[in-house]
2 protein chains.
Amino acid sequence: MTREPPFTELMQGLPDTTPFVGPEALERRNGVKIHLRLGANESRFGISPAAYRALEEVIGHVPDYGDPENHELREELALRHGARSDNIVVASGIDDLLGLAARVFVADGAPTVTSRGTYPTSNYHVVGYGGRLHEVPYAGDAVDLNALAEAARRHSARLVYLANPDNPAGTFHGREDVQRLVDSLPDGCVVLLDEAYSDFAPSDDLLPVDVEDWRVLRMRTFSKAHGFAGLRIGYAIVHEAIATAFGKVRHHFGVNRCAQTAALASLRDPGFAAGVARAVEAGRAEYERLAGELGLRALPSSTNFVAVDVGSATTVRRLLDTLLTRGVFVRSGTQPPLDRCIRITVGTPPERSEFAAALRDVLPDVLGS
Amino acid sequence: MTREPPFTELMQGLPDTTPFVGPEALERRNGVKIHLRLGANESRFGISPAAYRALEEVIGHVPDYGDPENHELREELALRHGARSDNIVVASGIDDLLGLAARVFVADGAPTVTSRGTYPTSNYHVVGYGGRLHEVPYAGDAVDLNALAEAARRHSARLVYLANPDNPAGTFHGREDVQRLVDSLPDGCVVLLDEAYSDFAPSDDLLPVDVEDWRVLRMRTFSKAHGFAGLRIGYAIVHEAIATAFGKVRHHFGVNRCAQTAALASLRDPGFAAGVARAVEAGRAEYERLAGELGLRALPSSTNFVAVDVGSATTVRRLLDTLLTRGVFVRSGTQPPLDRCIRITVGTPPERSEFAAALRDVLPDVLGS
């Protein structure tokens with residue numbers, strides 16, 4: 001036999017990198033136990049009691065496949081978004097949906113435009129499917145909408161990725177700015193509008209849903225305010241033609257029954273997610289005060305995390321490593337300008353106190369070294 | 001804007017079909033409630049009590065992402081298969097793994113060989129990724145290994161799909177026959193060995209694991225004997241180079257925490273799956289007797305279902321429709337020669353009695369009409 005398995009040429013050229021190293025892997029590599037898990041923007045505020053009861057009940061039914069059409073959940077989501085269920089695609093998280101979008105739009109090598117240093121999983125899929133990636137820098141600490149539009153026109157892009165609110169910055173663009181971006185795209189270009197953090201943004205300033213406009217693919221998740229990161233479920237709100245296209249390639253049985261059941265129960269308990277959003281808002285304010293007290297600046301955040309400027313990527317690296325030795329897991333931006341910021345998930349009040357104590361304790365040494 | 005979203009050419013040409021219509025969709029379309037769910041080869045024998053306890057515990061932790069490396073589970077699986085964890089890829093079911101295989105091996109249009117009428121999801125992915133499909137007929141009611149090998153050589157195939165035991169036939173090829181197939185493939189060709197039903201096959205006649213041979217990609221699932229179809233988890237045992245390739249494109253956070261936890265607990269309770277396999281064996285024998293009593297022939301099965309020859313595809317269609325009006329869900333083969341068979345999942349003893357009663361009741365009319 002030949003020496004190597006017969007991979008496609010694209011596969012042979014792909015880098016052996018992954019978007020994120022998980023906290024469990026950090027524990028194994030560093031031999032420490034993480035007791036403060038504030039690095040992955042998971043919800044620290046639990047799940048809806050109704051969802052909990054639904055999960056207790058559904059574990060008696062895990063031998064059965066879930067509904068591949070996600071029918072009931074799509075009906076419920078359609079109702080909430082003023083759309084039809086034919087506009088809703090449920091998948092195992094936004095990451096899954098980003099993969100579908102890359103696959104149906106740019107797998108033939110088409111150009112994609114994104115912001116350098118934003119959430120990396122869209123890039124992972126674009127590159128993994130063979131799309132061509134063009135990155136533009138942030139403007140200050142926010143995504144540069146003008147630069148995205150300009151690059152989309154220059155490269156005749158077929159896809160533009162926009163996380164709004166942004167991760168890892170936390171910054172947010174209002175509806176008028178986003179609509180202006182959409183309207184300034186070249187003909188035949190769509191926007192992947194990743195709204196993973198929209199539950200924490202000003203709801204009246206989100207771009208309104210318009211499923212007749214196929215240029216905007218909106219992606220939402222149950223991983224944040226609803227607290228289901230570990231269950232893997234998210235959805236897209238899209239023009240029917242795009243939902244049909246996703247349906248031609250998606251994993252029909254890819255969403256597990258626990259996630260389907262819990263998402264439906266949590267949606268029907270809307271007070272829960274709203275309460276989490278309020279608790280997160282209080283926590284952000286507390287992180288901002290902490291940063292100020294320590295002579296640091298917190299970036300404005302419309303998410304469940306706060307990016308805090310500690311001055312340089314070197315300091316960030318030292319700080320993250322030091323915190324990790326104490327069992328505190330936070331992350332940072334990975335590219336300029338956000339690589340000078342640590343990114344702290346909003347924890348519960350006790351977690352915030354514990355984090356504040358740890359930061360106060362290690363910061364002088366880290367800054368002084 | 002242009003009239004249509006800017007899909008790739010491949011996408012535009014894909015058919016709008018799905019591998020399977022789920023029982024929930026059948027209920028909605030036909031306005032009946034299914035009370036006997038014997039069509040999707042789900043386990044009717046529950047889950048391990050240890051897995052149940054693990055699930056009760058893990059639902060308190062669903063706000064946290066699962067370990068993207070599936071570390072603990074891979075270690076456990078490696079131990080059981082005499083492999084290293086670098087040879088194990090965990091994914092959200094075999095369907096997910098079939099997609100990864102199509103993607104890394106044939107997405108550039110490479111030829112794939114399979115059996116006409118076998119489990120369709122491999123074809124779904126091969127076509128969806130742009131591979132070229134060549135089908136060979138069954139030999140009698142079993143996959144024709146010689147025809148697969150011959151077609152692989154004739155088409156210079158890069159991928160051959162083999163479900164062993166086969167679905168929907170239930171028939172099985174022993175280790176020597178499978179090894180002969182592997183050895184007769186053209187240079188630079190791999191076999192996707194889909195062993196979804198291997199828990200019910202003669203364990204001493206399965207092809208031994210040899211992770212040094214990259215020509216064989218083995219795929220296993222927790223959906224059958226372990227009872228986790230609704231949780232979505234399966235794994236591949238492959239050469240390390242193939243595991244690395246899958247790692248470049250897989251959804252790193254795609255496996256949910258409930259599935260990870262339950263799979264580990266069930267693996268550590270090996271008596272459970274073995275007990276299910278014994279219960280299934282008894283159920284198969286009962287279905288064979290039922291078929292004989294009704295003047296029908298049951299195909300030999302090494303799975304958790306039995307295909308019963310009812311004479312013609314027309315009779316199959318009539319029988320399935322009639323059973324469905326009574327709330328009984330079974331499926332059938334979709335292509336000759338298996339389209340003359342209904343495929344009945346092995347149920348519990350009460351489910352088997354109920355199914356037998358329903359079949360005895362409707363069969364005379366269906367055969368006579």
Side-chain angles (χ1 to χ4, degrees), chain A residues 1-2 4-9 11 14 16 18-19 22 24-25 40 42-43 46-47 52 55-56 59 61-69 71 92 95-96 104-105 107-108 128 158 187-188 190 214-215 227-232 239 241-242 244-245 248-249 251-254 256-259, chain B residues 1-2 5-9 11 14 16 18-19 22 24-25 28 40 42-43 46-47 52 55-56 59 61-69 71 92 95-96 104-105 107-108 128 158 187-188 190 214-215 227-232 239 241-242 244-245 248-249 251-254 256-259:
Chain A
M1 60 187 176
T2 49
E4 294 287 328
F7 300 122
T8 65
E9 200 177 312
M11 273 307 305
L14 284 184
D16 183 14
T18 60
E24 296 82 2
E42 297 152 334
S43 180
I47 64 174
Y52 196 93
L55 282 168
E56 285 186 311
I59 59 180
H61 301 279
V62 296
D64 290 350
Y65 289 102
D67 174 13
E69 300 185 5
H71 179 80
S92 57
D95 286 0
D96 188 7
V104 308
F105 288 117
D108 55 358
R158 209 183 282 158
D187 203 32
V190 301
W214 55 251
R215 297 174 303 177
F228 299 144
L231 287 180
R232 312 312 303 128
H239 188 279
I242 294 173
T244 301
K248 292 179 181 182
V249 293
H251 285 287
H252 289 266
F253 290 85
N256 72 86
R257 181 173 274 267
C258 296
Chain B
M1 61 187 175
T2 49
F7 300 121
T8 65
E9 201 178 311
M11 272 307 304
L14 283 184
D16 182 14
T18 60
E24 295 82 3
R28 290 189 291 271
E42 297 152 335
S43 180
I47 64 175
Y52 196 94
L55 281 168
E56 284 185 312
I59 60 181
H61 301 279
V62 297
D64 289 351
Y65 290 101
D67 174 13
E69 300 184 5
H71 178 80
S92 57
D95 285 0
D96 189 6
V104 308
F105 288 116
D108 55 358
R158 209 183 282 157
D187 204 33
V190 300
W214 55 251
R215 297 174 302 175
F228 300 145
L231 286 179
R232 314 311 303 128
H239 188 280
I242 294 173
T244 300
K248 292 179 182 182
V249 293
H251 286 287
H252 289 266
F253 290 86
N256 72 87
R257 182 174 274 268
C258 296

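In what follows, chains are A, B, ... by sequence order, proteins preceding strands, each numbered from 1.
Heavy atoms only, all atoms of each residue included: A:P63 and B:S43 are closest at CB-O, 3.5 Å. Heavy atoms only, all atoms of each residue included: A:G188 and B:P6 are closest at O-CG, 3.4 Å.
Comparing B:V62, B:V190, B:I242, B:V249 by how many heavy-atom pairs each has under 4.5 Å with chain A, the most go to B:V62. In terms of heavy-atom pairs under 4.5 angstrom with chain B, the leader among A:N256, A:D64, A:V104 is A:D64.
To the nearest 0.5 Å, the span separating CG on B:L55 from SG on A:C258 amounts to 6.5 Å. The CD1 atom of B:I47 sits 11.0 Å away from atom NE2 of A:H61, with the distance rounded to the nearest 0.5 Å. The distance from atom CH2 of A:W214 to atom CZ of B:F7, rounded to the nearest 0.5 Å, is 9.0 Å. Between B:Y65 atom OH and A:D95 atom CG the span is 7.0 Å, to the nearest 0.5 Å. Note that the NE2 atom of B:H252 and the OG1 atom of A:T18 stand 5.5 Å from one another [nearest 0.5 Å]. Of the inter-residue distances, the one linking A:I59 atom CD1 with B:L231 atom CG reads 9.5 Å to the nearest 0.5 angstrom.
Residues A:T8 and B:R158 have side chains in contact (heavy-atom distance under 4.5 Å, counting atoms from C-beta outward). Between B:T244 and A:D16, some side-chain heavy-atom pair lies under the 4.5 Å cut-off. Between B:R28 and A:H71, some side-chain heavy-atom pair lies under the 4.5 Å cut-off. Using a 4.5 Å cut-off on side-chain heavy atoms (C-beta onward), B:E9 and A:D108 make no contact. Considering only heavy atoms from C-beta on, A:F105 stays 4.5 Å or farther from B:M11 through its side chain.
A salt bridge between A:E24 and B:R257 is present, with a side-chain N of the basic residue lying under 4.0 Å from a carboxylate O of the acidic one.
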